[in-house]
Q: 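Got a structure here, written out as structure tokens. Questions coming.
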Number of protein chains: 2
Amino acid sequence: MTVMETTGTRTDSCAGPPQQNRRPDGEDCYTISEVVALTGLTAHTLRWYERIGLMPHIDRSHTGQRRYTNRDLDWLDLVGKLRLTGMPVADMVRYAELVREGDHTYGERFELLKTTREDVLARIDELRGTLAVLDRKISFYADAGRALASERSR
Amino acid sequence: MTVMETTGTRTDSCAGPPQQNRRPDGEDCYTISEVVALTGLTAHTLRWYERIGLMPHIDRSHTGQRRYTNRDLDWLDLVGKLRLTGMPVADMVRYAELVREGDHTYGERFELLKTTREDVLARIDELRGTLAVLDRKISFYADAGRALASERSR
DNA sequence: CGCTTGCTTGGAGTGCACTCCAAGGTTCTA
DNA sequence: TAGAACCTTGGAGTGCACTCCAAGCAAGCG
């Protein structure tokens, strides 16, 4: 019975400081299941990321198995962050392409990140608005609950 | 050619104070396309919401056309907010069911909203973390851009 | 009256981001 | 050296949240 292909054991409580459990540069050579454990992604997703060009082509062992490096893990950290912003995968692939194309795409990358930054700020604002609505509703129900309780005790 | 079924004309710049362009209670009777204009949802989505139980059954005109009320618009406002939090539609349907079931579900609604509130707070925190990463990258590219510029002018 | 525009329905289709499968080769542990 | 656990591939499948379609009824206008 195969247990992997699921979320794996993330030991950090919840998004602590990144790059833990890593090997020093030079001997950084991780199997796909190690990357699963480190990132919380599934092996399926890692292979899929590579297929669609969201990852560079990953080095292979002499038998063709994937061997990830610290650099790959850094990239996956960034992808994870961008994913949290709700950025579509297609846009992340575009960013990956820019990185592959070399230094002359710095300007375009800069613009893309700035746009994303604006989006994130707008999103945070939206969420704050929602929070206000939620708090109003919650205090309504809290009051209603108290009213019901005093009703019962009377 | 039918132009509707698209986003429609939202006149408010971006999520200003809600309930504008509304008719006073008592003569609140909106066609589906008016609701499209007021909410930014499509008519498809409004009908779909009703089918899946995310809306109460909407009143009909004598010919069977939907006639929305201010109360319905209020509900759609709330649904819109909850949607922004990323709450799954199924959970919103659950909330709608609780509302339909009556006052004795206050406690459960309270819990649901509190959980959602926590989720929103966590989400805001995630986004703030992402913002930090983004800012670091952006300032890297800004520096690189400046370096390139001084390179050229030399 | 005819025409355009808008509304109705159930069911089928779409796009995204995975998620899984089958069949087979590889690596590790006892 | 056996057996379990792990890895490979292309392609098919899933779940969510819409999104669209066809066929037909209804309302307003010149």
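We name chains A, B, ... by the order of the sequence lines, and we start the count at 1 in each one.
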Q: Quick one: A/Leu46 CG to D/dC7 P, roughly how many Å, whole number?
A: 11 Å
Q: Under 3.5 Å, is there a donor-acceptor pair between the B/Asp72 and B/Thr69 side chains?
A: yes
Q: Rounded to whole Å, how long is the line connecting atom NE2 of A/His44 with atom P of D/dT9?
A: 13 Å
Q: With a cut-off of less than 4.0 Å, is there a side-chain N or O of B/Thr45 near OP1 or OP2 of D/dA17?
A: no
Q: Just by distance, with hydrogens left out, do B/Tyr30 and B/Asn70 show a side-chain donor and acceptor under 3.5 Å apart?
A: yes
Q: After noting the C-alpha distance and the side-chain angles of A/Arg60 and A/Arg67, does the key distance pass the side-chain contact (heavy atoms from CB on, under 4.5 Å) rule?
A: CA-CA 5 Å; A/Arg60 303 301 162 111; A/Arg67 294 292 178 252; over 6 Å; no
Q: Would you say A/Arg51 reaches C/dC18's phosphate, i.e. side-chain N/O to OP1/OP2 under 4.0 Å?
A: no
Q: When the distance from CH2 of B/Trp48 to C1' of C/dC7 is rounded to whole Å, what number comes out?
A: 21 Å
Q: Any Lys/Arg nitrogen of B/Arg22 or B/Asp74 sitting under 4.0 Å from an Asp/Glu carboxylate oxygen of the other?
A: yes
Q: Rounded to the Å, how far apart are B/Leu41 CG and D/dC20 P?
A: 14 Å
Q: What is the distance from CD1 of B/Ile32 to P of C/dT9, rounded to the nearest Å?
A: 8 Å
Q: Would you call B/Glu50-B/Arg47 a salt bridge at under 4.0 Å N-O?
A: no
Q: I'd like to know whether B/Tyr68 forms a side-chain contact (heavy atoms from CB on, under 4.5 Å) with B/Glu34, so could you lay out the CA-CA distance, the side-chain angles of the two residues, the decisive distance to 0.1 Å, and finally the verdict.
A: CA-CA 9 Å; B/Tyr68 292 84; B/Glu34 285 173 314; over 6 Å; no
Q: Looking at A/Tyr49, I'd like to know whether one of its side-chain N or O atoms comes within less than 4.0 Å of OP1 or OP2 on C/dA17.
A: no
Q: Tell me which residues in residues 58-68 of chain A lie within less than 4.0 Å of DNA chain D, going by non-hydrogen atoms.
A: A/Arg60, A/Gly64, A/Gln65, A/Arg66
Q: Starting at CD of A/Glu50 and ending at P of D/dG10, how long is that distance when rounded to a whole Å?
A: 10 Å
Q: Could you check how far CE of B/Met87 sits from P of D/dC16, rounded to whole Å?
A: 15 Å
Q: Check this for me: does any side-chain nitrogen of one of B/Glu108 and B/Arg94 sit under 4.0 Å from a carboxylate oxygen of the other?
A: yes
Q: Consider the side chain of B/Val89, meaning its heavy atoms from C-beta on, and name the nucleotide among D/dT19, C/dT19, D/dA17 that approaches it most closely.
A: D/dA17
Q: Side chain of A/Arg83 only, please: which of C/dC18, D/dC18, C/dT8 is the nearest?
A: C/dC18
Q: Tell me the interatomic distance from B/Arg47, atom CZ, to C/dT9, atom P, rounded to whole angstroms.
A: 7 Å
